[in-house]
There are 4 protein chains.
Amino acid sequence: MTRKPTKAALPPATRASAKGPEPARSEEAPATNRATRAAERRAAIVEAAMEEFIARGFAATRLDDIARRAGVAKGTIYLHFKDKESMFEELVRIVIVPVVARLTTLPPPAGSVRDLIEAFASNFLNEVIGTRRGDLVRLIVAEGPRFPSVADFYYREVVSRGIAAMRALIELGIARGEIRQKDLARYPQILVAPAMIAVIWQSLFARHAPLDAQEMLRVHLDLIFGERSTT
Amino acid sequence: MTRKPTKAALPPATRASAKGPEPARSEEAPATNRATRAAERRAAIVEAAMEEFIARGFAATRLDDIARRAGVAKGTIYLHFKDKESMFEELVRIVIVPVVARLTTLPPPAGSVRDLIEAFASNFLNEVIGTRRGDLVRLIVAEGPRFPSVADFYYREVVSRGIAAMRALIELGIARGEIRQKDLARYPQILVAPAMIAVIWQSLFARHAPLDAQEMLRVHLDLIFGERSTT
Amino acid sequence: MTRKPTKAALPPATRASAKGPEPARSEEAPATNRATRAAERRAAIVEAAMEEFIARGFAATRLDDIARRAGVAKGTIYLHFKDKESMFEELVRIVIVPVVARLTTLPPPAGSVRDLIEAFASNFLNEVIGTRRGDLVRLIVAEGPRFPSVADFYYREVVSRGIAAMRALIELGIARGEIRQKDLARYPQILVAPAMIAVIWQSLFARHAPLDAQEMLRVHLDLIFGERSTT
Amino acid sequence: MTRKPTKAALPPATRASAKGPEPARSEEAPATNRATRAAERRAAIVEAAMEEFIARGFAATRLDDIARRAGVAKGTIYLHFKDKESMFEELVRIVIVPVVARLTTLPPPAGSVRDLIEAFASNFLNEVIGTRRGDLVRLIVAEGPRFPSVADFYYREVVSRGIAAMRALIELGIARGEIRQKDLARYPQILVAPAMIAVIWQSLFARHAPLDAQEMLRVHLDLIFGERSTT
DNA sequence: GATGAATGAGTCTTCATTCAT
DNA sequence: TATGAATGAAGACTCATTCAT
């Protein structure tokens, strides 16, 4: 048996690690109207599916488990999603869209470029690295080749925008004299690389060698902007 | 069905599709004695399995496909591996060990630290980024959480050693005055991050936005060592 | 999946596909009082169910489709019928009873026996062969073995009566000297056989080889009554 | 529950009513080589599937039941047939082809046309009416509209040939003066109609009113050829 | 050793039926 | 009465693993 051991290796999941505002499990709030109930259920399914897909990957995830975790019957899933595959694809969209929305709103044009980027980094540290959102990034890396539409979506919505935003910042930094190396603007990936590595590191190796992502990012920024006199 | 679309996206494999009477053995030498034959078969299985696992991930890979691609019968796989799961785990070891062996041999004590690292990078560019070996890295990222033993092994054999080696180089660079930022030695991950990002980028986004990995790595080294006067 | 191809072959029904806010009631009069409304709904369900059962057979018909076609909610069906099975059984009764009623009324004591039978045949041609009613016959042939009660009912109400009526006519024909072969009265089935074959032929083979049922029946009657001098 | 009652209505099938030369169940003959075993299994599956499809119709038949009846595991069916649907389609071909083969061989040009047709009829009586083969005809009538390919095949292989053969015989009969009514050659269906009705009658109404098919066919032939002086 | 037919547990998906609104 | 969201039992199909040849 192949899948069983795989399951055994992953204890019934971390469960109650509700990410959204509320677990939206049933039995709790009676809720009032039907639409609300339906929305809650849908949210519960999304939440549960995310958890399971992250824990086991697409192919090894069982809809049965998602249903159980969401506290709904198996058939209910099919009231919200066409099938497992499109559930996965929609899921990524559902989870990513609000993140993108927030990010595109954020940038308050304050202080120096370094301050701006540090704000970004700090945000990233709190909201992505080591969180469910970080795991989602790893999930996309894992399943991307088998779900081109997911990779496409992620590139379009997140990567290309992120790269563009970083490039703009870098160019600003160069213009203001904060960044010396002009070529950096051609490869904004360099700016983000350590952050991405931190995300992956936390998923895979945190157990063996915990990584102080915050400090690493600071060192990286020092590399780009020069070390700060004031720490 | 879970795999159908995935299969559609991945045409029935690029290799052997022998279906007729002839087993289509591994194309190499005819070989004479039994031990050799067995070793060849095993090698063919390893090769085929790697290919399939990389293309579809662990759960979605069918032993049937591996067998067909390797030109052996399904049962034969079980003469070499206990089951699918341990096959996967052994596989990673089998493929990684020679790579590590080569890397630990490599370091030719030549010129400057930057030259050394550039040699490394160049090697990495040719042998990893955009190759099967690069895909293996993505595979480990993908399956790591479900195969702790694989993640462990990879950390122990590759990551920790790589980090240690990089740290040694960085310290050497600092000692020789080639690298100004002392803190870098605490986070050798920063040195490797762009290379890893390049690996992942090629798997996922090459189609949308091809990345000139070589040039990116050069820019990154300029950042660390300062821009070269000559170039 | 069992039904997919079947569905593909049968475009989502020719009728109502109302999905929007409006229930798309039965198109007839708006009706005022409740009893009337209920009766109308029931009629719509019966009509829709018949259509679907004929198109797909009992097992492959979905209550969902019936409801949609009838323009009612799925639950409404259960206000009128106990379950799918008894719905099917009642349906056949509901549809057949008025037909039988009409037939037993028909026989206008006109001219010769041949004229009488020709009147019958002509009626059958117009009202059964190639119509919904003809498909019902095929449906009963198809589902009879799985619905003994339906077969029983059909035998009792239609077949045995029809046979008896035909026998009476044949005997009359023999008595009057119109029919020479006396044994025919023992097998009135022979008289009806071509008509039944025509019904089935239209369902199955009309596409390959259209059949002029009217002319065939005429030839058949000529066989029994002798060819007419005038025609 | 819809399918359960349907099942209940049909007691676990008549089972041991093996039609072919031998039941080909397992456990009996040890068989020698693999190919033979496989062929036996395939035959058992075909036999079992026919039985079940006839008893319940396509949609209501469960592969589980077919497997159980054939004495094989569910998966084994898929070694021989792509899916339920193509199993059904192939089945009809598999069962019909040898029948057609035999029929096209049969006709020994002996005696009078009536004798020839009586030989046919007698054959039909023994080999079709009231047998598995007869049920198959009913099955095709039942499922034809949902399986155009089956109806097509049946028309091409059986119906059109049968009609052509009957027409030839009728024309011969007319030429020899055995058949008076010339128009009959235009509708050979009339010649076959009572036989078909007998087939259907036996499936549906035998319980209520057994039909002496042999005698009925004789009467029908008397109608066409004139009553025999000797009998 | 090598084979590949056979197995049957496991998974996705459907749909008749129920019931709170 | 009418609704339709929710349920979960049932059924088609897959595939890792075994074992007789």
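Just so it is clear, the values below take in all heavy atoms, side chains as well, and ignore hydrogens, waters and symmetry mates.
Between the CG atom of A/D64 and the C1' atom of F/dT7 there is a distance of 13 Å, rounded to whole Å. Rounded to whole Å, the distance from NZ on C/K84 to C1' on F/dA10 is 13 Å. Per the geometry, CG belonging to D/D65 stands 9 Å off P belonging to F/dA12, to the nearest Å. Note: CD1 (A/I77) to P (E/dT13) measures 10 Å, nearest angstrom. Taking atom CD of C/E40 as the reference point, atom P of F/dT1 lies 15 Å away to the nearest angstrom. With rounding to whole Å, B/F88 atom CZ is found 14 Å from F/dA16 atom P. Computed from coordinates, the C/Y78 OH to E/dA20 C1' distance equals 17 Å when rounded to whole Å. Atoms CD1 (D/I45) and C1' (E/dA6) sit 10 Å apart, rounded to a whole Å.
Between D/F147 and D/F88, the ring planes are tilted. Angles from 30° to 60° get that label.
Residue B/R37 places no side-chain N or O under 4.0 Å from the OP1 or OP2 atom of E/dG1. An OP1 or OP2 oxygen of E/dT14 is reached within less than 4.0 angstrom by no side-chain nitrogen or oxygen of C/R62. For F/dA2, one of the phosphate oxygens OP1 or OP2 lies less than 4.0 angstrom from a side-chain nitrogen or oxygen of C/R41.
Residue C/K74 holds its NZ atom at 9.5 Å from CZ of C/R68, rounded to the nearest 0.5 Å.
Ranked by how close their nearest DNA chain F nucleotide is to the 5' end, A/A38 and C/L79 are led by C/L79. Taking the nucleotide of DNA chain E with the nearest heavy atom to each of D/H80 and B/A73, the more 5' of the two is matched to B/A73. In terms of position on DNA chain E, the residue among A/D83 and C/K82 whose nearest nucleotide sits closer to the 5' end is A/D83.
Under 3.5 Å, the side chain of C/K74 and the base of E/dT17 form at least one donor-acceptor pair of N or O atoms.
Backbone-only engagement by D/L63 is indicated by non-hydrogen atom pairs under 4.0 Å involving sugar-phosphate atoms exclusively.
Between B/E52 and the choices B/R69, B/R62, B/K84, the salt bridge (Lys or Arg N to Asp or Glu O under 4.0 Å) rule is met once, by B/R69.
Residues A/F81 and A/I45 form a side-chain contact, since some pair of their non-hydrogen atoms from C-beta on lies under 4.5 Å apart.
Pairing of F/dT21, defined by two Watson-Crick or G-U wobble distances under 3.5 Å, is identified with E/dA2. With both pairing distances under 3.5 Å, E/dT7 is matched to F/dA16 as a Watson-Crick or G-U wobble pair.
Using a distance-only test at 3.5 Å, with no hydrogens or angles considered, a donor-acceptor pair links the side chain of C/R146 to the main chain of D/R56.
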